[in-house]
Amino acid sequence: MQQYAGKLCGRALDYLNQIDKEKTIVYTVKKYISKHYAEELTRDSLAQLVYLNPDYLSRIFRMETGDSLSNYLIRFRIGRAQELLINTDLPIHQVASAVGYTNFSYFAKIFRKYVQYNPNEYRKKMTNNTNH
């Protein structure tokens, strides 16, 4: 019985260590995204960063965050774009480039999908709200 309990405790500790390791991996990826979001980032390049298979990274990222890796990256970039649109006078194409989008049309389409306004409408709406 003691041997069985010992094995069971050992497995539980291994499991907890694995969970902590996965959290560290997700933290590392999120931190890297926050510093390099303007660069071309792919699931494969992020998986290489943490020495994992891209499918496995995607799985643990979704388990930990409830979001896909690609959706997290898009939302992060759109959030930064919103900040730039409100706090700077940069032309919209420069905002797109600053957050990692080389194709302005694609940026505008994605921005509208996530924010419900195109970038120009969003800037006008938000700057009008802060001026009152």
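From a predicted model like this one, the values you see are computed outputs, not experimental measurements. We're numbering straight along the sequence, starting at 1.
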For this session: Nearest 0.5 Å please: distance from the CG atom of L41 over to the OG atom of S70.
Result: 12.0 Å

Problem set entry | Nearest-0.5 Å distance, CZ of residue R59 to CG of residue N53 |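 Result: 7.5 Å between the selected atoms.
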
Problem set entry | ring-ring contact (aromatic ring centres under 6.0 Å, His included) involving F111 - partner list, sequence neighbours excluded |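 F111 satisfies ring-ring contact (aromatic ring centres under 6.0 Å, His included) with F107, Y122 only.
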
For this session: For the pair R62 (side chain) and D67 (backbone), establish whether a donor and an acceptor sit closer than 3.5 Å, ignoring hydrogens and angles.
Result: no

For this session: Verify, without hydrogens or angle tests, whether R123 (side chain) and I92 (backbone) share a donor-acceptor contact under 3.5 angstrom.
Result: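 Here the side-chain-to-backbone pair does not exist.
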
Exercise. Is there a side-chain contact between L85 and L90 (heavy atoms, below 4.5 Å)?
Worked result: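 No, their side chains stay 4.5 Å or more apart.
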
Exercise. Parallel, tilted or perpendicular: which fits the ring planes of F61 and Y72, with parallel below 30° and perpendicular above 60°?
Worked result: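 Judged by the thresholds at 30° and 60°, the geometry between F61 and Y72 is perpendicular.
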
For this session: Report yes or no: is the cationic atom of R75 (NZ for Lys, CZ for Arg) closer than 6.0 Å to the six-membered ring centre of Y114, at no more than 45° off its axis?
Result: no

Exercise. Which heavy atom of L84 sits nearest a heavy atom of A98, and at what distance?
Worked result: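 Of all heavy-atom pairs spanning L84 and A98, the closest is CD1-CB, 3.9 Å.
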
Exercise. Do NZ/NE/NH1/NH2 and the carboxylate oxygens of E83 and R80 come within less than 4.0 Å?
Worked result: yes

For this session: Sort and list the pairs that fulfil side chain to side chain donor-acceptor pair (under 3.5 Å) and have at least one residue in residues 89-98, not counting sequence neighbours.
Result: none

Seminar exercise, completed: Checking I60, T24, L69 against V29 for side chain to side chain contact (heavy atoms under 4.5 Å, CB included), the one that qualifies is L69

